[in-house]
Engineer: 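Can you keep this structure in mind? I'll have questions shortly.
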Amino acid sequence: MPIIVNLDIMLARRQMKSKELAEIIGITTANMSILKSGKAKAVRFSTLEAICKALDCQPADILEYVED
Amino acid sequence: MKKLAYFTSLILFYCVAFLLLFVMVFSILSYLEYKYGIQIPFVEIIENRAKVHVPLLGLRINVPFNYAVLIMWTAMSYYIIYFYAFKNFLKVFIEKKVFETKPLKRLRFFMILNLVPLIYIIVFTASFLLRGVSIRLEDDYFIVLAHLVIAFLIYLYLDVLKKGRHVQEENDLTI
């Protein structure tokens, strides 16, 4: 998929663990793993909003378009 | 209503299984009476065939002592499996999650079971034609047709479930 999820990079920058972020935004660690691995088919605006709020970043910091 | 249908199919399966197993067991025992003269209850020997009396229902099932009995047992075994699959088919409706692999497998199995009589009718028609005997299988053709209609309806339902599973997967992968 040409949309890359750069959640790992943002988590490293904020020195936050993915489990911690999952707890803050209210999703399961399994879903967090799906999101990080790029297996997710879609991301809800509410989830994106919660991630951006928790990591103090913009959606573009997390999502990136790379042409195949 | 769905639960009622499922429990009805459950009772139907146990009744049919009991009835067919009863007939199968007593058709085997009837051969002992025919061959060795051992007295077996519910069995009546008439020349080269037997009659198995089913208590309560008052049914009298003819049991021939030749290869035809194998066909009879095969058909009985088939209908025991058929009603078991039918019970499982209706179980799909009372389950919380329909769009999963297990209910789909059950449906596919029930659909395949409904296609089995088609093979039977092809083999029998071919055997009659090869021997040059006139075919008188009106009832059998009707049963096969009924099974084919059921198989077609299940195929449509299966297709809907497959699409539903796809939507379910998409939904599960939406974070």
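Chain A is the first sequence line, chain B the second, and so forth, proteins listed ahead of strands; every chain is numbered from 1.
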Engineer: Counting neighbours of OH on B:Y84 that are heavy atoms of other residues, nucleotides or ligands and sit closer than 6.0 Å, is the number greater than 12?
Structural biologist: no

Engineer: Output the donor-acceptor atom pairs between chain B and chain A under 3.5 Å, with atom names and distances to 0.1 Å.
Structural biologist:
residue : atom : partner : partner atom : Å
B:L173  : O    : A:K41   : N            : 2.8
B:T174  : O    : A:R44   : NH1          : 3.4
B:I175  : N    : A:A42   : O            : 3.0
B:I175  : O    : A:R44   : N            : 2.8
B:I175  : O    : A:T47   : OG1          : 3.0

Engineer: Around B:Y79, counting heavy atoms of other residues, nucleotides and ligands shown, do more than 12 lie under 6.0 Å from its OH?
Structural biologist: yes

Engineer: Which ILVMFWY residues can you reach from B:V160 by hopping between side chains whose heavy atoms are under 4.5 Å apart?
Structural biologist: none

Engineer: Check whether B:L145 and B:F110 end up in the same hydrophobic cluster, where Ile, Leu, Val, Met, Phe, Trp and Tyr are linked by side-chain heavy atoms less than 4.5 Å apart.
Structural biologist: no

Engineer: Consider only side-chain heavy atoms of I, L, V, M, F, W and Y, link residues closer than 4.5 Å, and tell whether B:L153 and B:V144 are in one cluster.
Structural biologist: no

Engineer: Does B:I143 share a hydrophobic cluster with B:L20, counting links as ILVMFWY side-chain heavy atoms below 4.5 Å and allowing steps through other members?
Structural biologist: yes

Engineer: Would you give the length of the straight line joining atom CD1 of B:I175 to atom CD1 of A:I34, rounded to the nearest 0.5 angstrom?
Structural biologist: 4.5 Å

